[in-house]
Amino acid sequence: MSSPTNPVRVRFAPSPTGFLHIGGARTALFNWLFARHNKGIFILRIEDTDEVRSTEDSVRGILDSMSWLGLDWDEGPLTEGLNPVQMFPPKTLGEIPPAVVMGKAIISGTAATKGDFGPYFQMQRLDKYQASCDQLIQSGKAYPCYCTPEEVQKMRELAELSKRPPKYDGTCRNLTAEQRQQKETEGRKKSVRFKTPMEGSVNFTDLVNGAMHFETLLLEDFVILKTSGVPTYNFACVVDDHLMEISHVIRGDDHLSNTPRQILIFEALGWALPQYAHLAMIKGSDGARLSKRHGATSVMEYREAGYLPDVLLNYLALLGWGTEDSQQIFTKQEMIDKFLLERCVTSPAMFDPAKLTWMNGEYLRKKTVSEVADLAKPFFTAKALDVIPRTRLEQAIALEHEKIKLLTDVPKLTDFLLWDVFEYREEPVNKVLRAAGAAEILKEIKQRLTALEPFTAETVEKTCKDLAKERGVKNGATYHPLRVAVSGRTEGPSLFHMVEFLGKALTLQRIERAQALLNQPSASSFQPPAPEGLKG
RNA sequence: GCCCUCAUCGUCUAGCGGUUUAGGACGCUGCCCUCUCAAGGCAGAGAUCACGGGUUCGAAUCCCGUUGGGGGCACCA
């Protein structure tokens with residue numbers, strides 16, 4: 001699709017009025033995939049023309065999220081050198097290694113950008129919008145409007161009452177020079193409205209949705225320049241898409257009905273149209289557009305919850321796009337190679353956290369223990385990282401590897417292996433340790449393990465098996481009490497590898513604790529002594 | 001209210017007029033493996049392709065309508 005004379009140039013244009021959310025990330029991803037697939041340019045443009053809701057924090061947050069996801073942009077704000085955002089991880093996780101703070105954003109006021117089509121913050125491009133606006137007024141395709149918001153509101157209500165479309169009534173559309181002069185001398189504030197053709201239609205072909213048709217009649221004379229001199233979305237968007245030589249506009253289909261307005265502006269200015277591709281929305285579990293009430297919606301929240309950026313990308317790609325063979329797991333390169341706008345789906349998709357989580361586990365299982373340890377570091381406390389030797393950490397992770405779905409699982413799944421403080425759960429204690437004969441067997445196991453040399457998974461297993469055989473009981477009758485005694489729970493890693501990991505001293509100590517516990521009348525809340533750190 | 005848009009298992013999707021007893025994935029159930037939990041393997045339940053009309057020898061696939069969902073109708077983007 002790209003050629004030297006007409007290269008693919010796409011943009012992701014978020015407004016900094018909040019963190020980057022799942023829907024925005026999906027739009028960014030599809031633009032990025034399209035650009036990379038076509039060896040084109042991916043631009044990040046900040047649409048900060050909302051004077052009341054735009055915030056610097058949002059800009060930083062968006063840049064951070066984009067960086068974390070690995071959606072690198074060829075043109076747009078620079079991310080080096082200034083105020084890193086300290087939103088991650090949450091304070092409860094303790095200090096984080098510097099390496100984890102990835103995104104370093106800057107704010108629009110002093111923004112440094114890269115690319116030859118900048119600046120990439122719209123508030124720094126006001127002169128360009130003004131110039132195009134002047135051009136429209138001069139050619140009679142736009143006009144100053146002196147109506148107040150209250151007056152416009154009244155017009156709409158009136159129109160609604162008489163069952164006409166609630167449109168601006170065109171009061172200022174055909175003002176004479178004198179009338180205009182009078183409004184000016186009255187000191188009325190001036191906005192600029194686009195003179196929407198009274199008849200005709202706008203037709204275009206959407207790369208995803210196909211042929212589109214809109215009647216111009218239904219559109220009102222919309223504002224393109226606010227009284228503040230700041231452009232509205234539809235106007236700024238068109239001017240920038242033209243000036244930045246955007247070839248394809250890929251965005252959510254909530255913008256579909258904005259497209260005719262934008263096309264009208266393009267035509268009034270005599271500019272060539274980009275191609276359009278509108279993506280179906282992402283819905284929450286109740287079918288409504290994904291929002292906060294559906295749970296986590298910001299990219300940062302998923303980062304904090306222990307999801308991998310590549311997983312989020314992979315999962316998001318599946319929401320609205322698919323291959324002929326229904327492939328589920330993609331490397332980034334595979335996504336780039338296979339991505340086609342033509343294969344984007346037109347129906348809205350529901351966001352399914354369960355599948356996302358499955359995919360995260362799938363990715364994590366394919367990683368080496370060392371990689372998982374590195375990735376999980378931010379989720380351990382600084383103290384844990386300081387006290388626990390790296391090899392120890394990796395061994396513990398290896399024991400639980402296939403069970404890890406989220407990076408936040410790593411500390412949870414390994415705590416009883418790495419620390420002396422852990423809970424003896426009531427149910428297993430009652431069911432397994434208090435079972436008939438269990439105490440006796442535990443005592444015997446302890447005796448034999450005390451003398452055991454060398455103390456390995458194999459020798460411990462043999463010890464248990466031999467004991468079972470001598471007693472004429474099933475192997476399980478020795479395994480289960482030992483498991484609960486050393487871990488406080490019935491589920492966990494391979495018993496003998498776990499025992500080998502703990503080592504003889506710790507194993508014996510834990511068995512003693514379990515025995516002490518059994519001597520207490522109610523075992524429900526055994527509290528071991530204060531933490532002594534890691535032993536063994 | 002008006003405009004736009006969508007409609008295949010609970011969910012994400014494959015399917016582009018006959019190869020379909022509608023395929024894959026998540027989730028769910030069962031079995032196997034097994035020292036538990038997972039992971040893995042196998043099997044299964046689950047979709048009259050929203051509904052109603054056409055077109056056609058033949059429709060999930062094309063057309064029309066209905067219903068339902070989503071989006072939009074701002075000096076917000």
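Only this structure's heavy atoms are used, side chains among them; waters, hydrogens and symmetry mates stay out. Convention: sequence-line order gives letters A, B, ...; per-chain numbering from 1.
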Enquirer: Under 4.0 Å: is that the gap between some side-chain N or O of Arg289(A) and OP1 or OP2 of G72(B)?
Expert: yes
Enquirer: OP1 or OP2 of A74(B) less than 4.0 angstrom from a side-chain nitrogen or oxygen of Arg156(A), does that happen here?
Expert: yes
Enquirer: Determine, stepwise, if the pair Trp321(A) / Phe339(A) fulfils ring pair (Phe, Tyr, Trp, His ring centres under 6.0 Å).
Expert: CA-CA 8 Å; Trp321(A) 172 77; Phe339(A) 184 79; 5.7 Å; yes
Enquirer: Measure from the side-chain heavy atoms of Arg365(A) and tell me the nearest of C75(B), G1(B), G40(B).
Expert: G40(B)
Enquirer: Considering only atom P, compute the distance from G70(B) to G53(B) and round it to an integer number of Å.
Expert: 27 Å
Enquirer: For Thr148(A) and Phe214(A), take the nucleotide of RNA chain B holding the closest heavy atom to each; which residue's nucleotide lies nearer the 5' end?
Expert: Phe214(A)
Enquirer: Separation of Lys403(A) atom NZ from G40(B) atom C1', in whole Å?
Expert: 14 Å
Enquirer: Just wondering, are more than 12 heavy atoms of other shown residues or ligands nearer than 6.0 Å to CD in Glu157(A)?
Expert: yes
Enquirer: Please report the interatomic distance CD1(Ile250(A)) to SG(Cys344(A)), rounded to the nearest 0.5 Å.
Expert: 8.0 Å
Enquirer: Looking for any heavy atom pair under 4.0 Å, which part of the strands does Val52(A) touch: base, sugar-phosphate only, or nothing?
Expert: nothing
Enquirer: What distance, rounded to whole Å, do you find between the two P atoms, one in U48(B) and one in C64(B)?
Expert: 25 Å
Enquirer: Between A7(B), U36(B), U5(B), which nucleotide has the shortest distance from any of its atoms to the side chain of Ser347(A)?
Expert: A7(B)
Enquirer: Using only modelled atom types and a 3.5 angstrom limit, is any donor from either the side chain of Asp325(A) or the base of A14(B) paired with an acceptor on the other?
Expert: no
Enquirer: If you measure from the P atom in G71(B) to the same atom in U61(B), how many Å do you get, rounded?
Expert: 27 Å
Enquirer: Name the orientation class of the two ring planes belonging to Phe351(A) and Tyr302(A) (parallel below 30°, tilted from 30 to 60°, perpendicular beyond 60°).
Expert: perpendicular
Enquirer: Ignoring hydrogens and geometry, is there a side-chain-to-backbone donor-acceptor pair from Arg425(A) to Gly488(A) under 3.5 Å?
Expert: no
Enquirer: Does a side-chain N or O of Arg261(A) approach OP1 or OP2 of A77(B) to a distance below 4.0 Å, or not?
Expert: no
Enquirer: Just to confirm, is there a sub-4.0 Å distance from OP1 or OP2 of C75(B) to any side-chain nitrogen or oxygen of Arg193(A)?
Expert: yes
Enquirer: Could you state the CD-P distance from Glu342(A) to C16(B), rounded to the nearest angstrom?
Expert: 17 Å
Enquirer: Which nucleotide sits closest to the side chain of Leu256(A): U13(B), A77(B), C4(B)?
Expert: C4(B)
Enquirer: Check every atom of A77(B), A14(B), G70(B) against the side chain of Ala288(A) and return the nucleotide holding the closest atom.
Expert: G70(B)
Enquirer: Should Lys226(A) be listed as having a side-chain N or O under 4.0 Å from OP1 or OP2 of C76(B)?
Expert: yes
Enquirer: Mind checking whether Tyr143(A) and Phe194(A) have ring centres under 6.0 Å apart?
Expert: no
Enquirer: Quick one: which of C35(B), A39(B), A77(B) gets closest to the side chain of Thr49(A)?
Expert: A77(B)
Enquirer: Base, sugar-phosphate or nothing for Gly492(A)? Non-hydrogen atoms, less than 4.0 Å.
Expert: base
Enquirer: Taking the nucleotide of RNA chain B with the nearest heavy atom to each, does Tyr479(A) or Trp358(A) sit closer to the 5' end?
Expert: Trp358(A)
Enquirer: Under 4.0 Å: is that the gap between some side-chain N or O of Lys405(A) and OP1 or OP2 of A39(B)?
Expert: yes
Enquirer: Taking N and O atoms by type only, does the side chain of Ser257(A) place a donor or acceptor under 3.5 Å from a partner on the base of C3(B)?
Expert: no
Enquirer: Would you classify Asp253(A) as touching base, sugar-phosphate or nothing, given that sugar-phosphate means primed atoms plus P, OP1 and OP2, and contacts are heavy atoms under 4.0 Å?
Expert: sugar-phosphate
Enquirer: Of all the nucleotides listed (C12(B), U5(B), C75(B)), which has the minimum atom distance to the side chain of Val223(A)?
Expert: C75(B)
Enquirer: OP1 or OP2 of A25(B) sitting under 4.0 Å from any side-chain N/O of Ser326(A)?
Expert: no
Enquirer: Assign Leu495(A) to base, sugar-phosphate, or nothing according to its heavy-atom contacts below 4.0 angstrom with the strands shown.
Expert: base
Enquirer: Picking from G71(B), G24(B), U5(B), which would you name as closest to the side chain of Gln328(A)?
Expert: G24(B)
Enquirer: How would you label the contact of Arg343(A) with the nucleic acid (heavy atoms, under 4.0 Å): base, sugar-phosphate, or nothing?
Expert: sugar-phosphate
Enquirer: Taking salt bridge (Lys or Arg N to Asp or Glu O under 4.0 Å) as the cut-off, I'd like each qualifying pair that reaches into residues 203-225 of chain A, sequence neighbours left out, listed once.
Expert: Arg156(A)-Glu220(A), Arg173(A)-Asp221(A)
Enquirer: Let's test this: given Watson-Crick or G-U wobble pairing with both distances under 3.5 Å, identify the partner of G10(B).
Expert: C26(B)
Enquirer: Starting at CZ of Phe330(A) and ending at C1' of G24(B), how long is that distance when rounded to a whole Å?
Expert: 12 Å
Enquirer: Tell me which nucleotide among U11(B), G40(B), G72(B) gets nearest to the side chain of Asp352(A).
Expert: U11(B)
Enquirer: Mind checking Pro493(A) for me? I need base, sugar-phosphate or nothing, with any heavy atom below 4.0 Å counting as a touch.
Expert: base
Enquirer: Under 4.0 Å, heavy atoms only, any strand: does Gly361(A) hit a base, just the sugar-phosphate, or nothing?
Expert: nothing
Enquirer: Between G71(B), U36(B), A7(B), which nucleotide gets closest to the side-chain atoms of Thr346(A)?
Expert: A7(B)
Enquirer: Any idea which of A77(B), C75(B), G71(B) is nearest the Met281(A) side chain?
Expert: G71(B)
